[in-house]
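Below: one structure, written as structure tokens.
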There are 2 protein chains.
Amino acid sequence: MNTGLFKRLFKDKNLRMSHPRFLIYQELLGAQNPLSPQELYQSLLKKRRKIGLTSIYRSLDLFESLNMVFKIINGSSVKYKLCELKDHHHHIICRSCGHVGVLNFCDISSWSKKVTESTGYQVVDHQLNFYGFCKKCKPLQK
Amino acid sequence: MNTGLFKRLFKDKNLRMSHPRFLIYQELLGAQNPLSPQELYQSLLKKRRKIGLTSIYRSLDLFESLNMVFKIINGSSVKYKLCELKDHHHHIICRSCGHVGVLNFCDISSWSKKVTESTGYQVVDHQLNFYGFCKKCKPLQK
DNA sequence: CGAATAATGAAAATATTTTCAATAAGAAAT
DNA sequence: ATTTCTTATTGAAAATATTTTCATTATTCG
């Protein structure tokens with residue numbers, strides 16, 4: 001996702017591309033691994049970026065709602081990673097190292113219909129995560 | 001789920017059926033709505049049950065891992081409800097009132113195979129939630 | 001009844017959310 | 001471009017929520 005897309009996405013929703021938000025976006029872009037709010041904060045402080053921890057929490061929430069980042073909850077640890085795809089997709093998460101893979105197929109529409117029929121709900125969203133062991137961790141399992 | 005099942009489930013996993021755990025279970029059983037850890041705590045205090053808040057958090061985590069309860073995360077609110085089914089299943093959650101419906105079908109096995117083929121992961125678990133508006137809330141939508 | 005150890009609870013440490021006054025981003029007009 | 005206006009956003013502090021630590025207690029098993 002480039003800066004242009006970033007800008008347009010925000011404008012459409014009447015959101016402002018503030019400096020703190022941009023800093024967080026850049027930091028995630030440069031990161032090798034998923035980052036926790038605290039790690040993000042420390043990393044920006046180290047670079048002398050002026051930012052409040054509260055803004056980090058708020059921006060990450062926002063980014064998540066925009067499908068820009070994925071929130072990885074592993075036990076009591078919470079980390080975020082930038083998504084390659086800005087549109088709806090699913091994930092697979094390693095129970096050992098926490099690596100997150102992206103699944104770029106999503107043909108769950110027939111399911112939604114089934115759900116509506118059996119419950120009367122109007123389905124507007126869904127979330128599907130798979131958990132397992134990635135190639136690297138699979139051999140290490142005991 | 002009756003007390004007998006409760007006991008057996010615990011014994012199998014070398015878990016102990018402590019008094020705090022049983023109190024929490026009973027409280028959830030009697031509740032009309034999903035409860036937050038805090039609500040659970042206050043409710044037990046009111047009944048003069050001696051219990052620590054820490055135990056509530058720990059028990060709920062445990063119950064969740066045993067598929068005995070479902071953790072409902074709605075924005076920043078966290079609540080728990082007892083599950084009717086003790087085996088693997090999925091949920092549908094109302095975006096308006098938070099009502100949680102149980103879906104007792106789960107034929108996602110072919111998906112897991114697809115995921116393994118495309119990512120190399122060994123899939124051991126998955127979670128699928130649908131979100132929408134329940135019968136009651138659907139007409140109220142603006 | 002013990003012995004072994006899973007589980008508890010109080011307190012401390014962290015993490016997250018809320019509140020609210022101050023600031024800054026974007027739009028419109030000049 | 002510059003100014004002005006509107007209001008989305010920020011950050012500090014306070015309020016909550018959650019997790020960890022660790023010495024003590026309670027369950028279960030033999």
Side-chain angles (χ1 to χ4, degrees), chain A residues 3-27 34-45 47-66 68-69 71-80 98, chain B residues 3-4 6-27 34-45 47-66 68-80 98:
Chain A
T3 308
L5 281 175
F6 189 57
K7 266 182 179 161
R8 199 167 319 131
L9 181 60
F10 273 53
K11 193 177 294 188
D12 289 350
K13 304 219 174 213
N14 199 29
L15 296 167
R16 294 178 184 177
M17 187 159 74
S18 67
H19 195 55
R21 284 179 183 164
F22 195 69
L23 287 177
I24 293 166
Y25 169 69
Q26 282 207 301
E27 199 61 28
L35 298 174
S36 68
Q38 199 51 240
E39 287 169 337
L40 220 30
Y41 182 58
Q42 295 304 331
S43 182
L44 285 170
L45 276 194
K47 293 175 184 167
R48 314 259 172 226
R49 306 295 191 227
K50 193 172 155 29
I51 194 169
L53 185 54
T54 309
S55 294
I56 299 204
Y57 279 101
R58 277 189 290 224
S59 296
L60 290 173
D61 275 358
L62 175 70
F63 289 179
E64 193 197 9
S65 75
L66 297 174
M68 279 175 55
V69 302
K71 183 178 187 176
I72 306 157
I73 304 177
N74 227 345
S76 71
S77 117
V78 174
K79 303 204 171 193
Y80 292 83
Chain B
T3 308
F6 190 56
K7 266 181 178 162
R8 199 166 319 131
L9 181 60
F10 274 53
K11 193 175 295 187
D12 288 350
K13 305 220 175 212
N14 200 28
L15 296 167
R16 294 178 183 176
M17 186 158 76
S18 67
H19 195 53
R21 283 178 184 165
F22 195 69
L23 287 178
I24 294 166
Y25 169 71
Q26 282 206 300
E27 199 61 28
L35 298 173
S36 67
Q38 199 51 240
E39 287 168 338
L40 219 31
Y41 183 59
Q42 295 303 332
S43 181
L44 285 169
L45 275 193
K47 293 175 184 168
R48 315 262 173 222
R49 306 296 191 227
K50 193 172 155 28
I51 194 169
L53 184 54
T54 310
S55 295
I56 299 203
Y57 279 101
R58 278 190 290 227
S59 295
L60 291 173
D61 275 357
L62 175 70
F63 290 180
E64 192 196 10
S65 74
L66 297 174
M68 278 175 56
V69 302
F70 179 59
K71 183 178 186 175
I72 307 157
I73 304 177
N74 229 345
S76 71
S77 117
V78 175
K79 303 204 171 193
Y80 291 83

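Residue numbering restarts at 1 for every chain, and letters A, B, ... go by the order of the sequence lines.
- Between M68(B) and F10(B), the shortest heavy-atom distance links the atoms SD-CE1, 4.0 Å.
- Atom NZ in K13(A) sits roughly 19 Å away from atom C1' in dG26(C) (whole-Å rounding).
- Here the C1' atom of nucleotide dG11(D) and the CG atom of L40(A) are 16 Å apart, to the nearest Å.
- Of all the heavy atoms in G52(A) and Y41(A), the pair that sits closest is C-CE1, 4.1 Å.
- In this structure, R58(A) CZ and L62(A) CG are separated by 11.0 Å, a value rounded to the nearest 0.5 Å.
- Between I73(A) atom CD1 and dA15(C) atom C1' the separation is 13 Å, expressed in whole Å.
- P34(A) approaches E39(A) most closely through the heavy-atom pair O-OE1, 3.9 Å.
- Counting heavy atoms from C-beta outward, Q26(B) and F22(B) have side chains that approach closer than 4.5 Å.
- The CG atom of L44(A) lies 9.5 Å from the CG atom of L35(A); values are rounded to the nearest 0.5 Å.
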Taking protein heavy atoms under 4.0 Å as touching, what does nucleotides 5-11 of chain C look like 5' to 3' if B marks base contact, S marks sugar-phosphate-only contact and - marks none?
BBSBBBB

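- Between the CG atom of D61(A) and the C1' atom of dT18(C) there is a distance of 13 Å, rounded to whole Å.
- Taking CZ from R21(B) and CG from L60(B), the interatomic distance works out to 11.5 Å, rounded to the nearest 0.5 Å.
- Summarising the geometry, atom CD1 belonging to I56(A) is positioned 4.5 Å from atom CD1 belonging to I51(A); distances are rounded to the nearest 0.5 Å.
- Between the P atom of dT16(D) and the CD atom of Q42(B) lies a distance of 12 Å, rounded to the nearest Å.
- If one axis is set at each end of the helix from dC1(C)-dG30(D) to dT30(C)-dA1(D) from five pairs, those axes are 50° apart, to 10°.
- With respect to the salt-bridge test (charged N to carboxylate O, under 4.0 angstrom), the residues R49(A) and E27(A) do not qualify.
- One can place NZ of K11(B) at 14 Å from C1' of dG30(D), the figure rounded to the nearest angstrom.
- Between Y57(B) and dT18(D) there is a side-chain polar atom (N or O) within less than 4.0 angstrom of OP1 or OP2.
- Across the protein-nucleic acid pair, L23(A) atom CG and dA24(C) atom P stand 14 Å apart, rounded to whole Å.
- The distance between atom CZ of F22(A) and atom P of dG26(C), rounded to the nearest whole Å, is 12 Å.
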